[in-house]
Enquirer: 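Let me give you the structure first, and then I'll get to my questions.
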Amino acid sequence: MSDVDIIERLAAAVAERIKPTVPLNIDLWDIATIASYMKRDVTSVRERFACLPDFPPAIRLPSAKGNRAQPLYKATDVIAWTLKYQERRA
């Protein structure tokens, strides 16, 4: 097997494992993704931020078992919420 064949096989294997990117304007984030974005731990996001009255509302998709699904949040709403707290220069 040549170097070119190996590189092509490797490239094909990598391409199979790459998840397609969901456009930010339609993406839904879970608490872990929000925590990563905000550079905070999951517990802090869940207990200190997501419960604030002005935090974006959760989206809870239906479940076949009737359970409450994990909360999801519109990515653009979370980003807009965080930017509200950006300090302004005088």
Side-chain angles (χ1 to χ4, degrees):
M1 183 178 301
S2 73
D3 288 347
V4 172
D5 292 333
I6 293 171
I7 292 170
E8 286 177 354
R9 289 181 67 188
L10 180 59
V14 168
E16 287 178 13
R17 288 172 175 74
I18 294 175
K19 295 180 184 179
T21 302
V22 176
L24 196 59
N25 65 331
I26 61 170
D27 201 4
L28 297 176
W29 285 356
D30 60 9
I31 292 290
T33 304
I34 294 169
S36 176
Y37 167 73
M38 294 174 63
K39 303 202 178 357
R40 299 289 185 265
D41 62 87
V42 171
T43 303
S44 292
V45 172
R46 185 180 297 112
E47 294 177 2
R48 295 180 57 207
F49 299 112
C51 60
L52 293 172
D54 67 333
F55 196 79
I59 297 169
R60 292 185 184 268
L61 300 174
S63 168
K65 295 181 180 180
N67 301 355
R68 288 176 46 122
Q70 79 167 340
L72 300 171
Y73 301 85
K74 291 171 82 174
T76 52
D77 289 352
V78 173
I79 293 167
W81 182 83
T82 60
L83 292 177
K84 287 190 321 183
Y85 295 97
Q86 182 175 359
E87 293 182 357
R88 305 284 181 217
R89 292 186 178 175

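All residue numbers refer to positions in the sequence shown, counting from 1.
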Enquirer: Taking side-chain hydrogen bond (donor to acceptor under 3.5 Å, both in side chains) as the cut-off, I'd like each qualifying pair that reaches into residues 71-83, sequence neighbours left out, listed once.
Expert: Tyr37-Thr82, Asp54-Trp81

Enquirer: Quick check: is Leu24 connected to Val78 through a chain of hydrophobic side chains (ILVMFWY, heavy atoms under 4.5 Å apart)?
Expert: yes

Enquirer: Linking I/L/V/M/F/W/Y whenever their side-chain heavy atoms sit closer than 4.5 Å, directly or via other members, would Leu72 and Phe49 fall into one cluster?
Expert: no

Enquirer: Any pair with a residue in residues 4-20 that passes side-chain hydrogen bond (donor to acceptor under 3.5 Å, both in side chains), sequence neighbours left out, goes on the list, sorted by first then second residue, please.
Expert: Ser2-Asp5

Enquirer: Minimum heavy-atom separation for Arg60 and Pro71, please, with both atom names.
Expert: NH1-CD, 3.6 Å

Enquirer: Linking I/L/V/M/F/W/Y whenever any side-chain heavy atoms sit under 4.5 Å apart, do Ile26 and Trp29 land together?
Expert: no

Enquirer: Does atom CG (Asn25) have a neighbourhood of more than 12 heavy atoms from anything else shown, all under 6.0 Å?
Expert: yes

Enquirer: How close do Leu83 and Arg88 get, counting heavy atoms only, and between which atoms?
Expert: O-NH2, 4.2 Å

Enquirer: Only one of Ile34, Asp41, Ile31 clears side chain to side chain contact (heavy atoms under 4.5 Å, CB included) with Arg46; which?
Expert: Ile31

Enquirer: Is Val42 linked to Leu52 within one hydrophobic cluster, defined over Ile, Leu, Val, Met, Phe, Trp and Tyr using a side-chain heavy-atom separation of less than 4.5 Å?
Expert: yes

Enquirer: Roughly how far apart are Leu61 CG and Gln70 CD, rounded to 0.5 Å?
Expert: 9.0 Å

